[in-house]
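Please read the structure below before turning to the comments.
All values derive from a computational prediction rather than experimental measurement.
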Amino acid sequence: MYSTDTNEGEKEMSEISEIIENSDMEKEDKKKLIEIIRQEVFEGPIPHPKLLQQYEEVDPGLANTIVNMAIKEQEHRHEIEKTIVKSETLLNEGRVEVIRTSIKLKTRLQI
């Protein structure tokens, strides 16, 4: 949930900051309000792009490692889901076969 249009976001933040600065609020309250407004929410399988960039600055290649970990985790989850679906399909096919056999047996017994 991260806005990709950072220029627009920075412009809006600048306008909001100016409004707050020109208000009659206490300086400390203005500072707190601006900090709250600047907070970003980001959800996803990998860290926020800015955090990835910081990881990369600390240890070159680390951002790639983190992204690859997320890719491998997703592939693993998909494999588990495939296994579950396959198992359920086989189980259901077995139930159908039991029902067919049961019907055949009932039919034979009636004759």
Rounded to the nearest 0.5 Å, the CD atom of Glu73 sits from the CD1 atom of Ile46 at a distance of 13.5 Å
Q) In this structure, are over 12 heavy atoms from other groups packed under 6.0 Å from Met25 atom CE? A) yes
Heavy-atom nearest pair, Leu52 first then Ala63, reads O-CB, 3.6 Å
### Query
Within a strict 4.5 Å, meaning less than it, do heavy atoms of the Glu88 and Ile84 side chains meet?
yes
Here the gap from Ile71 atom CD1 to Gln74 atom CD, rounded to the nearest 0.5 Å, amounts to 8.0 Å
### Message
Taking the side chain as everything from C-beta on, heavy atoms only, tell me whether Thr101 gets closer than 4.5 Å to Val98.
### Response
no
Between the CD atom in Glu56 and the CD1 atom in Ile66, the distance rounded to the nearest 0.5 Å is 9.0 Å
Contacts satisfying side chain to side chain donor-acceptor pair (under 3.5 Å) that involve residues 20-30 (not counting sequence neighbours) are none
Margin query: When you compare the side chain of Met69 with that of Lys72, does any pair of heavy atoms fall below 4.5 Å?
Written below: no
Distance col, row Ile34:CD1 vs Lys32:NZ, nearest 0.5 angstrom, shows 13.0 Å
All heavy atoms of Ala70 vs all of Pro45, minimum pair found to be CB-O, 3.9 Å
(Q) Between Glu79 and Lys82, does any NZ, NE, NH1 or NH2 come within less than 4.0 Å of an OD or OE carboxylate oxygen? (A) yes
- Query: CD of Glu57: more than 12 outside heavy atoms within 6.0 angstrom?
  - Reply: yes
